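Before any comments, here is the structure.
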Amino acid sequence: MDGDLAPLPGLLALAERFDAWLVIDDAHGFGVLGPQGRGSLAHFHLPHSRRLVYMGTLGKAAGAAGAFVAGDETVIEWLAQRARTYLFTTGRQPADRLRAAASLDLITHGDARRQHLMQLIAQLRDGLAGTRWRLLPSPTAIQPVIIGDNHEALRVANALFQRGLWVPAIRPPTVPKGSARLRVSLTAAHSEAQLARLVDALPGTGMSRARQRLSSP
Ligand SMILES: *Cc1c(COP(=O)(O)O)cnc(C)c1O
């Protein structure tokens, strides 16, 4: 929800030190971060480790469905035999597999798309710098604009929607109290022109004076 990155190098070092597993749910990193979209571990240049259990979904950047777990053979065997949600789920269709394989191919050869995404992230951050719209320090495709008040967040989201921009308002309990926000989710399929429209439209949503004070850093 903050678009931030977990401090994986430090966490892995702790796992090594205390003989523990490190389970990584890289739903938003896989396909987006690192060379060839290999995810958060590749982003941090972390080496292979038997302590890692890496989960990725094929439902986000991959645009398909399903998910995977990668890890030590013992862990995978244990999951295959004991994980109830896996055991009692119908196997995926052959078409799903083809779709996933096509997605993986696009992801592997998608450095240009990822570069475009990074440019969009920079465009949004530059566009809102120095305005009253406060972004969290996120280096990822999730760029939350902190509003604070729940009703105000909904109101701004609705105002944007009226202008053809779909930016959902996220409120507690999904995020901490008082940190209601607009959740801007950028993708490589967005264009610079679309992003310029968002940056232009935000001031026009007429945040009230009280809220302006609340949301300024
Ligand atoms: C979306 C998401 C998932 C689940 O993804 P599926 O599409 O159901 O495979 C798991 N973890 C996190 C952090 C997510 O954002």
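Only a predicted model underlies this, so the values are computations on that prediction, with no experimental measurement involved. Numbering of ligands and ligand atoms starts at 1, following listing order.
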* **Within 6.0 Å of CZ in R125, more than 12 heavy atoms from elsewhere** =>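 Above 12, so yes.
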* Asked: Do other residues, nucleotides or ligands put more than 12 heavy atoms under 6.0 Å from the CZ atom of R51?
  ->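 Yes, enclosed.
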* side-chain hydrogen bond (donor to acceptor under 3.5 Å, both in side chains) pairs, two or more places apart, involving residues 83-92 ->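 Of all non-adjacent pairs touching residues 83-92, those that pass side-chain hydrogen bond (donor to acceptor under 3.5 Å, both in side chains) are R92-D96.
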* Would you list the pairs meeting side-chain hydrogen bond (donor to acceptor under 3.5 Å, both in side chains) in which at least one residue belongs to residues 53-68, sequence neighbours left out? =>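 Every pair satisfying side-chain hydrogen bond (donor to acceptor under 3.5 Å, both in side chains) with a residue in residues 53-68: D26-Y54.
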* Asked: Near ligand 1, which protein residues have a heavy atom under 4.0 Å away?
  ->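 Within 4.0 Å of ligand 1, protein side: D25, A27, H28, T57, K60, G66.
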* Under 4.0 Å between a Lys/Arg side-chain N and an Asp/Glu carboxylate O for D149 and R155? ->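 Result for this pair is no, no salt bridge flagged.
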* **Listed partners of A61 passing side-chain contact (heavy atoms from CB on, under 4.5 Å), at least two apart** =>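 Residues passing side-chain contact (heavy atoms from CB on, under 4.5 Å) with A61: V32.
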